[in-house]
Amino acid sequence: MTRNQPIYKRGGVITERNPDFCAVRLRIPAGVLDAEKLAGIGKIAKKYSDGEVHLTTRQTVEIPHIDPDHLEEVAHDLKENGTPLGSEYDEIVNIIACPGTEGCKYSNIETYGLAKRIDEKVFGREMPIRVRISLSGCPNACTSPVLNEIGIVGRIRPLRIEGMCTGCGTCARYCKEAAIIIKNGISELIPEKCVQCGICIYSCPFDLLKSEYRHYLITIGGRRGRHPNPGRELITVESEDEVVAVIEQVVTWIYRKAWSGRHLADQLDELDFESFRTELQAKFNGDTSK
């Protein structure tokens, strides 16, 4: 599932409007760089281009205006810097992620490490279509996971400790979905409105709301662009290992089943998505009703 082709045909090499030059896109899972690698990119940009770089929407870096005659040298220097050539064509492209529990108070899951694990397993694989993977630590969905071919969202289901609620209403005030009401002096959850973000749990001043089910929701078939379309819920799982295993199954399914030249969103029904979902849920004991 990997390409063996000349450097100028690789997905990380993008011909510019002026065909005498190209931009080189890098592989930077979750957009995380240490200062040394960042400085190294700057040196390479100065050596082979005009010293400018472009920060892309997929949390990676492009070095523009490179002479194609220097592509082999650029690729070598980038690899030595720990920021190798990326992908852009019909491949698994750069994995993106929000800061997760490392930096965001709303996040329910760790994202940077998981993004790197997924990157190690599937990045750059040759596919019939371009496949984008996005991780979001909570349903705020800052990285728009539901608009990617594969999306991962960290969720948490609240559980109220019976008989202890004081009816202060703090959880109801913090809930952006109006999924909590105060009835007869007690908080009451409206399940069909709850998006399982967990904000009510963190907001309770008396620590009377707990997590009943912390999990990863995986969606597939999302699409951005001129005709955006949300992906469909595939499965929920409870561990990083299960997430990685499901992603590998999804990538293999797309590789074997999908047609070239069409967005995954436009062919899910033809690919018998429902049967695939049922098969995965049976294998991983997932349940999208959770």
Side-chain angles (χ1 to χ4, degrees), residues 97-115 117-118 133-146 148 150-165 170-183 186-222 230-250 274 276-290:
C98 72
T101 51
E102 184 171 322
C104 180
K105 62 183 178 181
Y106 297 113
S107 184
N108 296 315
I109 59 171
E110 190 282 326
T111 56
Y112 286 163
L114 180 55
R117 288 187 63 184
I118 295 171
I133 302 176
S134 172
L135 289 79
S136 178
C138 75
N140 284 336
C142 296
T143 53
S144 303
V146 77
N148 285 255
I150 302 175
I152 303 157
V153 180
R155 301 197 308 187
I156 183 171
R157 188 164 66 195
L159 174 66
R160 181 174 60 80
I161 301 176
E162 292 291 337
M164 298 293 289
C165 181
T170 302
C171 56
R173 287 195 296 272
Y174 273 89
C175 180
K176 297 180 179 180
E177 307 299 321
I180 300 176
I181 60 174
I182 304 300
K183 189 174 181 180
I186 298 175
S187 65
E188 183 176 308
L189 178 69
I190 305 172
E192 59 270 22
K193 289 188 175 182
C194 179
V195 297
Q196 303 184 58
C197 66
I199 290 178
C200 60
I201 297 173
Y202 307 130
S203 71
C204 180
F206 303 105
D207 197 27
L208 298 178
L209 284 167
K210 303 296 183 181
S211 168
E212 182 182 24
Y213 180 56
R214 188 182 301 270
H215 60 281
Y216 305 80
L217 168 66
I218 300 175
T219 62
I220 65 172
R232 302 184 193 179
E233 294 190 6
L234 176 66
I235 194 172
T236 61
V237 293
E238 299 182 46
S239 71
E240 285 194 1
D241 289 345
E242 289 176 307
V243 172
V244 175
V246 168
I247 297 305
E248 288 191 280
Q249 294 273 329
V250 172
E274 292 299 335
F276 177 58
R277 176 162 61 180
T278 300
E279 176 187 331
L280 268 189
Q281 290 180 356
K283 182 173 184 177
F284 290 92
N285 197 29
D287 183 355
T288 55
S289 67
K290 289 184 177 180

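Quantities reported herein were computed from a predicted structural model and do not represent experimental measurements.
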May I have all residue pairs that pass salt bridge (Lys or Arg N to Asp or Glu O under 4.0 Å) and include part of residues 99-112, sequence neighbours excluded? none

Looking at every non-hydrogen atom in both residues, tell me the closest pair between Ser107 and Gly137 and how far apart they are. OG-CA, 3.3 Å

How far apart are the closest heavy atoms of Ala141 and Ser136, and which atoms are they? CA-OG, 3.2 Å

Go through the structure and list residues passing side chain to side chain donor-acceptor pair (under 3.5 Å) with [X], not counting sequence neighbours.
| X | answer |
| --- | --- |
| Tyr174 | none |
| Thr143 | Ser134 |
| Ser203 | none |

Any side-chain heavy-atom pair from [X] and [Y] closer than 4.5 angstrom?
| X | Y | value |
| --- | --- | --- |
| Cys204 | Cys171 | no |
| Leu135 | Ile118 | yes |
| Ile156 | Tyr202 | yes |

Test side chain to side chain contact (heavy atoms under 4.5 Å, CB included) applied to [X] - qualifying residues, sequence neighbours left out:
| X | answer |
| --- | --- |
| Ala172 | Ile180, Ile182 |
| Asp207 | Lys210 |
| Arg173 | Thr170 |
| Lys176 | none |

Trace of the side-chain contact (heavy atoms from CB on, under 4.5 Å) decision for Ile235 with Glu242: CA-CA 11 Å; Ile235 194 172; Glu242 289 176 307; over 6 Å; no

Within 6.0 Å of OH in Tyr106, more than 12 heavy atoms from elsewhere: no

Atom pair [atom1] ([X]) and [atom2] ([Y]), whose distance is rounded to the nearest 0.5 Å:
| X | Y | atom1 | atom2 | value |
| --- | --- | --- | --- | --- |
| Ile152 | Ile247 | CD1 | CD1 | 4.0 Å |
| Leu159 | Leu208 | CG | CG | 11.0 Å |
| Ile220 | Ile133 | CD1 | CD1 | 11.5 Å |
| Ser239 | Ile109 | OG | CD1 | 11.5 Å |
| Lys283 | Gln249 | NZ | CD | 3.5 Å |
| Gln196 | Ser211 | CD | OG | 9.5 Å |

Could I get the full list of ring-ring contact (aromatic ring centres under 6.0 Å, His included) partners for Tyr112, not counting sequence neighbours? none

Between Arg277 (side chain only) and Glu233 (backbone N and O only), is there a donor and an acceptor less than 3.5 Å apart? yes

Okay, side chain of Asn108, backbone of His215: is any donor-acceptor separation there less than 3.5 Å? no

After noting the C-alpha distance and the side-chain angles of Thr111 and Thr101, does the key distance pass the side-chain contact (heavy atoms from CB on, under 4.5 Å) rule? CA-CA 7 Å; Thr111 56; Thr101 51; over 6 Å; no

Apply the test side-chain contact (heavy atoms from CB on, under 4.5 Å) to residues Leu234 and Val246: give CA-CA distance (whole Å), side-chain angles for both, the deciding distance (0.1 Å), then the verdict. CA-CA 10 Å; Leu234 176 66; Val246 168; 4.3 Å; yes

Which residues pass the salt bridge (Lys or Arg N to Asp or Glu O under 4.0 Å) test with Glu177, not counting sequence neighbours? none

Report the residues that fulfil salt bridge (Lys or Arg N to Asp or Glu O under 4.0 Å) with Glu240, sequence neighbours left out, ordered by chain and then residue number. Arg117

Apply side-chain contact (heavy atoms from CB on, under 4.5 Å) to the pair Leu209 and Arg160, showing each step before the final yes or no. CA-CA 5 Å; Leu209 284 167; Arg160 181 174 60 80; 3.7 Å; yes

Name every donor-acceptor pair, under 3.5 Å, that has one atom in a side chain of residues 188-195 and the other anywhere in the protein, sequence neighbours excluded.
none

